[in-house]
Amino acid sequence: MFNINKQIRKLYTSSILGILSLSGAWVAILASRGFSLAQIGFAETVFHIVSLLFEIPSGALADVIGRKKTLVLSVIMRIISNAIMVASNNFTMVCISIGFCALNYNFASGSDDALAYDSMKSVGKEDYFEKYASNQLIIYRVCEGLSTLAAGLSLALGYKISYLVSIGFAIPQLVVTCSLTEIRVGEVSPHRSIFAEIKKVFAESFRFLKVETKAVILMFTNSLVGAFDVLLLFFLQAKLPEAGIPKWALGLALLIMQTGGVLGARIILHAKKVRYRTIFVIATLVVLGGIAIEHSGLYVLMTLGGFLTALADDALQVRTNTMLQDMFPSEQRATLISIESFTFSVIMIVLSPLAGIFFEWW
């Protein structure tokens, strides 16, 4: 008999192992290796170009061959990415590693939430998804915070050891992922090839979006706010030392910023009666306020700006994600989640290099 609680615990465990590393402060690591903020911004652009190319196809593949299989592929991409970074001795190899890191993200981004929601749906517990989404964001923020808290240790040990440790976390993650239970939500015709099935999923997904314009608006607004949050937290890793923060306090400051997301993911669970439009306006204003505070040049206030931005972003993301999951048909769920990630990548491709130049100039 299918055990939903065991399935969810495995998904949580996979997330924890997938985020924990000594390479969480990768911007600081690249900066310590002598790469400029403009190069780091370009590397971020490479991530989103690869994501742009493979995000939607990976989601469609998950809907056709199964979400569990693409989650396994995701972990394999992570191991390859870290191995290349260990061997990297130039910027080209760094960008290749970043590309595989994007594939790690691609294969997981549509699959994990789709598997979780349809697992809950199979036992009539869809209402639990908002709490699940909140818990996953908290896991992300806490583990990301712990990883960046080790920024000083990462810089002391060197990038090679840091990325080898990441491989060490990926191996048990692969074991856990392989033990997940697949939930089939549609029939795959034995008379059609995988490519024909993927084409069918594509067509049905875009047909859905053509009718459900509200879903398109939700995807775009959530991605735009999230892009500002991600860029601010990325570049604060390099800007805080320039503002004079002590080396021992850098990891602590990054952890404090991540706790803002934890608070936001929890607060939103107590705002079920607040309209989405109101939440969006408040979140946007808080994010813009956080960015403004970052430009004070005072590392304490800059940390506060990152904290507020993460809080607003995660609160909005939990509500948006829940609304979208309730709207998406199960047969195209992973594909549609991937289309949202595709939207985020398009926005980031435009903003990443501009932000790198802007933060270096400011």
Side-chain angles (χ1 to χ4, degrees), residues 18 41-65 67 69-71 73-74 77-78 81 95 98-117 133 136-137 140 194-195 197-231 234 280 313 316-355:
F42 181 81
E44 176 69 10
T45 301
V46 169
F47 177 95
H48 291 287
I49 289 175
V50 174
S51 194
L52 187 75
L53 294 173
F54 292 96
E55 182 62 63
I56 300 178
S58 67
L61 184 66
D63 283 328
V64 172
I65 70 171
R67 287 75 182 263
K69 291 179 182 176
T70 48
L71 285 174
L73 284 172
S74 169
M77 294 300 105
R78 178 192 180 190
S81 172
C95 289
I98 294 293
F100 276 98
C101 181
L103 292 176
N104 163 226
Y105 171 80
N106 288 156
F107 284 116
S109 64
S111 303
D112 49 8
D113 280 353
L115 181 58
Y117 189 91
Q136 283 286 40
L137 275 176
Y140 170 78
I194 289 180
F195 293 106
E197 290 290 343
I198 289 176
K199 182 179 179 181
K200 176 186 174 185
V201 170
F202 268 127
E204 292 176 349
S205 297
F206 285 104
R207 191 177 300 117
F208 167 82
L209 291 175
K210 185 176 181 180
V211 175
E212 294 291 344
T213 54
K214 182 180 178 181
V216 177
I217 295 171
L218 288 174
M219 289 178 179
F220 179 80
T221 53
N222 188 49
S223 296
L224 183 62
V225 174
F228 283 118
D229 172 40
V230 168
L231 287 169
F234 275 171
F280 172 73
D313 178 32
L316 181 66
Q317 188 172 339
V318 169
R319 177 57 57 85
T320 305
N321 198 10
T322 303
M323 291 179 65
L324 287 172
Q325 294 302 327
D326 290 340
M327 297 170 67
F328 290 163
S330 293
E331 292 79 4
Q332 297 93 45
R333 190 178 307 283
T335 306
L336 290 165
I337 297 172
S338 292
I339 290 174
E340 182 185 11
S341 295
F342 176 89
T343 304
F344 177 74
S345 293
V346 171
I347 293 173
M348 287 292 286
I349 284 173
V350 176
L351 293 183
S352 291
L354 295 177

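Bear in mind the structure is a predicted one, so any value in this text is a computation, not a measurement.
- Inter-residue side-chain proximity for F100 and V50 is flagged as unmet; no heavy-atom pair is nearer than 4.5 Å.
- Between F344 and L224 there is no side-chain heavy-atom pair separated by less than 4.5 Å.
- Among pairs with a residue in residues 332-345, those fulfilling salt bridge (Lys or Arg N to Asp or Glu O under 4.0 Å) read D118-R333, at least two apart in sequence or across chains.
- Annotation: side-chain hydrogen bond (donor to acceptor under 3.5 Å, both in side chains) contacts of E204 (sequence neighbours excluded): Q332.
- With rounding to the nearest 0.5 Å, the separation of CZ in F206 from CD1 in I339 is 4.0 Å.
- Summarising the local packing, CZ of F42 is surrounded by 12 or fewer heavy atoms from other residues, nucleotides or ligands at distances under 6.0 Å.
- Interatomic distance, L336 CG to L209 CG, rounded to the nearest 0.5 Å: 5.5 Å.
- K200 contributes atom NZ, which lies 11.5 Å from atom OG of S205 (distance to the nearest 0.5 angstrom).
- In this structure F342 satisfies the ring pair (Phe, Tyr, Trp, His ring centres under 6.0 Å) test with no other residue, sequence neighbours excluded.
- In terms of heavy atoms, A62 sits closest to T70 at CB-OG1, 3.4 Å.
- For the salt bridge (Lys or Arg N to Asp or Glu O under 4.0 Å) condition, the pairs that include at least one residue of residues 219-229, sequence neighbours left out, are R141-D229.
- Within the model, atoms CG of L103 and OG of S74 stand 9.5 Å from one another, a figure rounded to the nearest 0.5 Å.
- Counting all heavy atoms, side chain and backbone alike, C95 lies closest to V46 at O-CG1, 3.6 Å.
- Of all non-hydrogen atoms in A60 and T335, the two that sit nearest each other are CA-OG1, 3.1 Å.
- Here the closest heavy-atom approach between residue A114 and residue R67 is recorded as O-NH1, 3.6 Å.
- Using a 4.5 Å heavy-atom cutoff, the side chains of F228 and D313 are not in contact.
- The minimum heavy-atom distance linking A227 with I347 is given by the pair CB-CG2, 3.7 Å.
- Between M348 and V230, the closest side-chain pair of non-hydrogen atoms falls below 4.5 Å.
- With sequence neighbours excluded, the residues satisfying ring pair (Phe, Tyr, Trp, His ring centres under 6.0 Å) with Y105 are F47.
- Residues L73 and S58 have side chains not in contact (no heavy-atom distance under 4.5 Å, counting atoms from C-beta outward).
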Go through the steps to decide whether E331 and V201 satisfy the test side chain to side chain contact (heavy atoms under 4.5 Å, CB included), and finish with yes or no.
-> CA-CA 8 Å; E331 292 79 4; V201 170; over 6 Å; no
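- Taken from OG in S338 to CD1 in I56, the straight-line distance is 7.5 Å, to the nearest 0.5 Å.
- At a threshold of 4.5 Å between non-hydrogen side-chain atoms, the residues F328 and Y117 do not count as touching.
- One distance of note links CG of L324 with CD1 of I337; it measures 8.5 Å at 0.5 Å rounding.
- Side-chain atoms of S51 and N106 form a donor-acceptor pair, as typed in the model, at a separation below 3.5 Å.
- Taking the side chain as every heavy atom from C-beta outward, T221 and F280 approach each other to under 4.5 Å.
- Remark: T320 pairs with Y276 by the side-chain hydrogen bond (donor to acceptor under 3.5 Å, both in side chains) rule, at least two apart or across chains.
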